[in-house]
Each structure stands twice: as C-alpha cells, then as structure tokens.
Amino acid sequence: MEFLPWLILLSPLASAACILLFAHRSKALSVTLSLAAVLTAFGATVALLAAGSQTVASSVTWINLGPALHLTIGLKVDALTRVMLLVVTGIGALVHIYSTVYMAEDEGKSRFFGSLSLFMFSMLGIVLADSLTMIFIFWELVGVSSFLLIGHWFTKESAAKAANKAFLTNRIGDFGFMSGILLVWAATGAVGFDAVQQNMAKLTANPALLTLAALCLFCGAVGKSAQVPLHVWLPDAMEGPTPVSALIHAATMVAAGVYMLARLFFLFAPSPDALTVIAAIGVVTALLAALMATQQDDIKRILAYSTLSQLGFMVAAIGCQAPGSAMFHLFTHAFFKALLFLGAGAVIHGLHHEQNIWKMGGLRKTMPKTFLTFAIGTLALTGAPFLAGFFSKDAILLAAYNKGPLFFFPLLLSAVLTAFYMTRLVVVAFFGEAYHPTGHGHSKDHGHDGPAAMTVPLLILAALSVIAGYGFFAEPIFGHDLFHTAHSLATFSAAGVLEYVDAPHVALVPMLAVGAFVLGTLGAWMLYSGKAKDPVRIPLFANRFYIDEAYAALIAGSQEMLASVSDWVDRYLIDGVLVRGIAGLTWGTGYALRLLQLGNIQGYAFIFGAGVVVLLFLLNK
C-alpha cells in the first residue's frame, strides 16, 4: 500500500521528464504520456480510497546534520489528503481529456502537456507533503509551473505579462510563508507536521511569536489563494488557455492555500488574533471580488472573480474555526467551478475565441449540452437548494454567523451578488437573440457544441455538481470523521434534512441563504432579460476598484524614487566619495610627500635635526 502515494506523485514527474527530454517533437506521444500519467495517478488514488481510511506514511532521509537539522522527504496520506488527491487527480484527468480537443491545433501542444504534467506533480507534492520544508519546495514548483502555463502563449504580450505578474505576486506571499516556516522551526526545533504538533507547547508559550508565525504562514495562502491584497494576479491568469484556467481555479493552485491552512490548522487554532485576521481577509476578498464580478463582460473574468469570492468564503471559514467546512466547500467548488470554466471554454471554442458575453446570446439553442451543464454549474455555485454548493456554502455561513455579524452579513451579501452576476452571465450569453456584428437579425451559425472529448467531461462534472454534497458520495471520500466534522456546522444533513433544530439560528441561516439565492437570481433576470447592452455601469466595480492602477502608480513611484536614490548614491557616494575621494586622497598624500623630496643634502640635514629636536621634546615631557 505504501507504494501507491509514490506512484501518484511520481507518475506526472516521469511524464514531464519524458516529454521534455524525448517526446517534445511528437505532439501525439506527448499527449499520450501526459494522459497516461494523470490517469495512473487517478487510478492509484481510487485504489488508495478503496483500501480504507488508515493513515499511510513513508519517508526517506534527505539531509541529516544531527539533532540540529534532520530533514526527510516523506509522504503522508490521511483523510484530508485523500480528499485533495481525488479532487486534484480527478479534475486533472478531465482537464487533460478536454485539452486534447481544445489544444488540438496549438503549435506548442507538446510543451503545454509537459507543463501540465509538471504542474500536476507540483500540486500533488503539496498534497502529499509531510513537512513544512517539503510543502515549501513544491509550493515554489507550483509557482514555476503555473508561470509556464499562464504564459503558454508567450508571444502574446498580455499573456507574458500575466505570467510575470502571477509569478512575482506569489513571491511576495511566499517570502512571508518562508519566514513563518523559519519561525516555527526556530521555536519548536522541528519541521515535520507531526513533530511540530508534538512540540506546540514551545510555541504557544509565547503568544506573540505564535501569532507572528501564524500570520507569516498565512501570507503564503494570501498569495496562492489570491486573497486581498495579493489577489490581482488571478484575473489576469485568464490569458492562459482555458483548460489551464479550469485547473488553476478549480482544483489545484488556488486550492493549495486553503488546503495548507486546513493542514496546519493546529498552528492557527491557538491564536485568536490570527484567526480574526484570517476571517477578516476572507470576508473582504469575498465581498470585493463579488462586486467586481457584477461589472465584468469577459466570460472568463467573471468566473475568475467568482473564484476569488469563493476562495474568500473558504478562507473566512478557516478564520471562523471551521476548517472542515472550508474543505467541504473546496471539494464541492472544485466540481462546479471546473464545469463552468470548461463550459466557458466550450463557448469560446464554438464562437471562434469570442469571450465578450454581450457578443453571444441565444447559445441555449445552438449549444444545448453546454447550456444544460453550464446552468447546472451556475445553480450549484449560486447555492440553489439541494445542489452541492448549497450544503457547503450554508456550512460556512453558519460558521460566520457564530463568529459575529461583521463576518456573517458581508458573506450573505456576497451570496446575493454571486447569484446576481452568474444569472447575468447566463441570461446575456445563453438567452435572447444571437449577436450579429451588423446589429440586424441574428447569426444562423452562432456556436455549436464541441465533440465528445469536450462534452463528456462537462456531463460528468455536472453530475458531480449535483451529488457532491450528499453523504452517499462525499462520506466515503472524506471518511466518517472528517465528513462529520465538515458537517458539524452544516444546516442540512447530506440527506437534505434540517439538523440541530434546538438552535434557532440554524434554521434562520439556511432561510437567509435561500433568500439570497432567490433575490440575486430574480434581480439579475429582471434587469438583464432581453437587454442588448448593460443597463448598469459602475466604473468603480468595472475597473476593479482601481487597485491595479494604484499598484502600478505605487510601483512607478517606487521605481522613480529608487532611481533618484540610486543616482544620488552613484553620483555623490560611489563616484564622489569612493572613486574621486580616494583618488584625491592618494594624489594629495603623494603631493605632500613629494615636498619632502628636496634633492638637497642641507635640506635633509635640517629635516633630520628638526626631527631629533621634536623627539627630545616629546621624551622630556
């Protein structure tokens, strides 16, 4: 059984290495290797789930410098790991299959599938890691592989800039993450998860250090899971191919931050101050991103801001001491968000790379399979009763309710806005008259459903978006203990029966959540039905609160200031003091010494005599 985790981890690495070294000239072979690797990883994950819920751990020594430093490369598989393994390999396999059609004509197809395999290896390394050092190594590998995928079309300037932006923004969060790891190691003398947990008393003895270490670790999640203020990279990551967007937004990179917070929750739980900061950042991200999404016209950007908002829900759940609910929402969200991104990709593919929703319209008739699956994904995301998102989002709302109104009501408003902007997308893109460039009549050939390799993954994900919240599906994956921890704050059981009726607010929260869904959906339907252009324009939301512009101005100002400081240092310190000053000192010393070289015996005798007189005077004192 111990070989299965290693097989899951190393299969994508073997694929990436083979494609890079041997198969890069053959597109067909590259696709075959990448598909075989991810299907092997998925099959091994299913076998691991079937084997039962016992914890599997194995490790090999990496660095051994005695008691001061002993590092291992190890894998740990428990209930939490199994959930993420299934999400990453399952969604990854569907994205790979979908990509065979979407990237069929791409000149860099081999490079794309090689990067995809490297990305899978990196993410699986984070999931299986058993120590802070190992998770950090794979954390950085995810950053590198995401840079390659986002910038896949590197000849396109916007894609190259988006890749750089994602890479550099994440480095800011990763510096904090690294600092947190060093603080934990310095305090506990350990980096393995189990060893750190055993030595937590050394850290909790200093509450200020504990809070500082927890917040530094949280910085890593702020970068990877795109929380305010490091959220700016994620919408621009849409410049990469749509399958990359589905993988990054649904199951892998952005989920890494939430998974890390849940995995290391034993470090955060003893610090109420750190949890409050985490909850506040999550709530702010959820609300700001939802407001931004209401005024976006690019179908992928709407979904990108939706991802930001849902990640805010998950992070808020961690801060509200409900990591099980956060993981449950991560689990359900992976299915319907992958469905929505792949559905958007099918629309873009069918409309010859058109992404503006106002240039779509009528797609429910020409793309019926895509419309059906996209509608199911939308309902799941917006919290329609008894679909997957309904259970997991309600659990988070209840945790926020228990935390306090400052956390609950912004998340409830975010739920209203989620229903609003997703209904807006569906109404504009799939209903009404098909867009025609001349503005007259409608196009007869306006989109079409893709081939089976595109539609079958959509149908599978649509089914999962319905059933993922129910116990018969989720409990065998989560395991009994973790599943009931995730549901411990849930307002409805997996069978859809109201629980905890002895607490009045437990009945109130789901009613408010359903009211939020109805209000947002009906409001958007009434406002946008039959419209050919947006009747509401709010520049503040459309321009993303001008945060990107503020950062650009800050960077430009900082660059100008640094340039001025550098110019002053170069001109007056380096050139003036060091170069010319030392040269002048040398010349002056030489000039002074030259005055003593008289070339006259009488002069030398006089100087000698004067020196003797001075010495005698000093000695007599």
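Keep in mind that the numbers below use all heavy atoms, side chains included, and drop hydrogens, waters and symmetry copies.
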Trainee: Identify, with sequence neighbours excluded, every residue that meets side-chain contact (heavy atoms from CB on, under 4.5 Å) alongside Thr40.
Mentor: Leu7, Ser11
Trainee: Looking at side-chain heavy atoms only, is the closest gap between Phe113 and Thr100 below 4.5 Å?
Mentor: yes
Trainee: Is the NZ atom of Lys369 crowded by more than 12 outside heavy atoms at less than 6.0 Å?
Mentor: no
Trainee: Once you round to the nearest 0.5 Å, how far does CG of Leu464 lie from CG of Leu459?
Mentor: 11.0 Å
Trainee: State whether the side chain of Lys300 and the backbone N or O of Met238 hold a donor-acceptor pair below 3.5 Å, judged by distance alone.
Mentor: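 Yes: the side chain of Lys300 pairs with the backbone of Met238.
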Trainee: Is the closest side-chain heavy-atom distance between Lys165 and Asp548 below 4.5 Å?
Mentor: yes
Trainee: Are Lys359 and Asp297 close enough for a salt bridge, meaning some N to O gap below 4.0 Å?
Mentor: no
Trainee: Taking Ser99 for its side chain and Val95 for its backbone only, find out whether a donor-acceptor pair lies under 3.5 Å.
Mentor: yes
Trainee: Treating Ser225 as the side-chain partner and Val254 as the backbone partner, does any N or O pair qualify as donor plus acceptor under 3.5 Å?
Mentor: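 Yes; at least one donor-acceptor contact below 3.5 Å.
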Trainee: With no hydrogens and no angle check, is any side-chain donor or acceptor of Ser309 less than 3.5 Å from a backbone partner on Ala289?
Mentor: no
Trainee: I'd like to know if the side chain of Trp153 reaches the main chain of Gly108, judged simply by a donor and an acceptor atom lying under 3.5 Å from each other, with no hydrogens or angles considered.
Mentor: no
Trainee: Taking C-beta and beyond as the side chain, do Phe545 and Met292 meet within less than 4.5 Å on heavy atoms?
Mentor: yes
Trainee: Take Tyr305 and Leu234 through the test side-chain contact (heavy atoms from CB on, under 4.5 Å) and record every step on the way to the result.
Mentor: CA-CA 8 Å; Tyr305 283 107; Leu234 191 58; over 6 Å; no
Trainee: Give a yes or no answer on whether the side chain of Gln295 reaches the backbone of Ile538 with a donor-acceptor pair at less than 3.5 Å.
Mentor: yes
Trainee: After noting the C-alpha distance and the side-chain angles of Phe374 and Val347, does the key distance pass the side-chain contact (heavy atoms from CB on, under 4.5 Å) rule?
Mentor: CA-CA 10 Å; Phe374 199 94; Val347 170; 5.6 Å; no
Trainee: Could you walk me through whether Phe42 and Ile8 pass the side-chain contact (heavy atoms from CB on, under 4.5 Å) check?
Mentor: CA-CA 7 Å; Phe42 177 67; Ile8 294 169; over 6 Å; no
Trainee: Check whether any side-chain N or O of Tyr98 sits under 3.5 Å from a backbone N or O of Ala346 as a donor-acceptor pair, and report yes or no.
Mentor: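 Such a contact is found between Tyr98 side chain and Ala346 backbone.
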Trainee: Would Asp106 and Arg111 pass as an ion pair if we require N to O under 4.0 Å?
Mentor: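 So Asp106 does not pair with Arg111 through a salt bridge.
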Trainee: Leu247 versus Leu116: any side-chain heavy-atom pair under 4.5 Å?
Mentor: yes
Trainee: What residues form a salt bridge (Lys or Arg N to Asp or Glu O under 4.0 Å) with Arg301, not counting sequence neighbours?
Mentor: Asp236
Trainee: Should Ser34 and Val38 be marked as a side-chain contact (heavy atoms from CB on, under 4.5 Å) after you check the CA-CA gap, both sets of side-chain angles, and the distance that decides it?
Mentor: CA-CA 6 Å; Ser34 190; Val38 73; 5.9 Å; no
Trainee: Under a 4.5 Å cut-off applied to non-hydrogen side-chain atoms, are Phe119 and Ile248 in contact?
Mentor: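 A side-chain contact under 4.5 Å exists here.
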Trainee: With distance as the sole test, does Lys27 use its side chain to make a donor-acceptor pair with the main-chain N or O of Ala104 at under 3.5 Å?
Mentor: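 Not confirmed, Lys27 side chain does not pair with Ala104 backbone.
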Trainee: Looking at side-chain heavy atoms only, is the closest gap between Met360 and Val428 below 4.5 Å?
Mentor: no
Trainee: Do the side chains of Met103 and Pro241 get nearer than 4.5 Å, heavy atoms only?
Mentor: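 Counting from C-beta outward, Pro241 and Met103 do come under 4.5 Å.
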Trainee: Between Thr307 and Lys337, do the side chains contain an N or O donor and an N or O acceptor separated by less than 3.5 Å?
Mentor: yes
Trainee: Are any non-hydrogen side-chain atoms of Ile348 and Tyr102 less than 4.5 angstrom apart?
Mentor: yes
Trainee: Determine yes or no for a side-chain-to-main-chain donor-acceptor pair under 3.5 angstrom, with Ser146 supplying the side chain and Gly143 the backbone.
Mentor: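 Yes; judged by distance alone, with no hydrogens or angles, the pair exists.
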Trainee: Is Tyr421 reaching over with its side chain to a backbone N or O of Ile302, donor-acceptor style, under 3.5 angstrom?
Mentor: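 No, Tyr421 side chain to Ile302 backbone: no donor-acceptor pair under 3.5 Å.
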Trainee: Write out all pairs satisfying side-chain hydrogen bond (donor to acceptor under 3.5 Å, both in side chains) with one or both partners inside residues 370-392, taking only residues at least two apart or from two chains.
Mentor: His329-Ser392, Thr332-Ser392, Thr370-Asp449
Trainee: Calculate, to the nearest 0.5 Å, the distance between atoms OH and CG belonging to Tyr401 and Asp394 respectively.
Mentor: 14.0 Å
Trainee: So if I apply the side-chain hydrogen bond (donor to acceptor under 3.5 Å, both in side chains) rule between Glu239 and each of Lys161, Lys156, His152, which one comes out positive?
Mentor: Lys156
Trainee: From the options Tyr470, Phe328, Phe473, select the one residue that forms a ring-ring contact (aromatic ring centres under 6.0 Å, His included) with Phe391.
Mentor: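 Exactly one option meets the ring-ring contact (aromatic ring centres under 6.0 Å, His included) with Phe391, and it is Tyr470.
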Trainee: Here's one to test your reading of the geometry: is the NZ or CZ of Arg364 within 45 degrees of the ring axis of Phe371 and under 6.0 Å from its centre?
Mentor: no
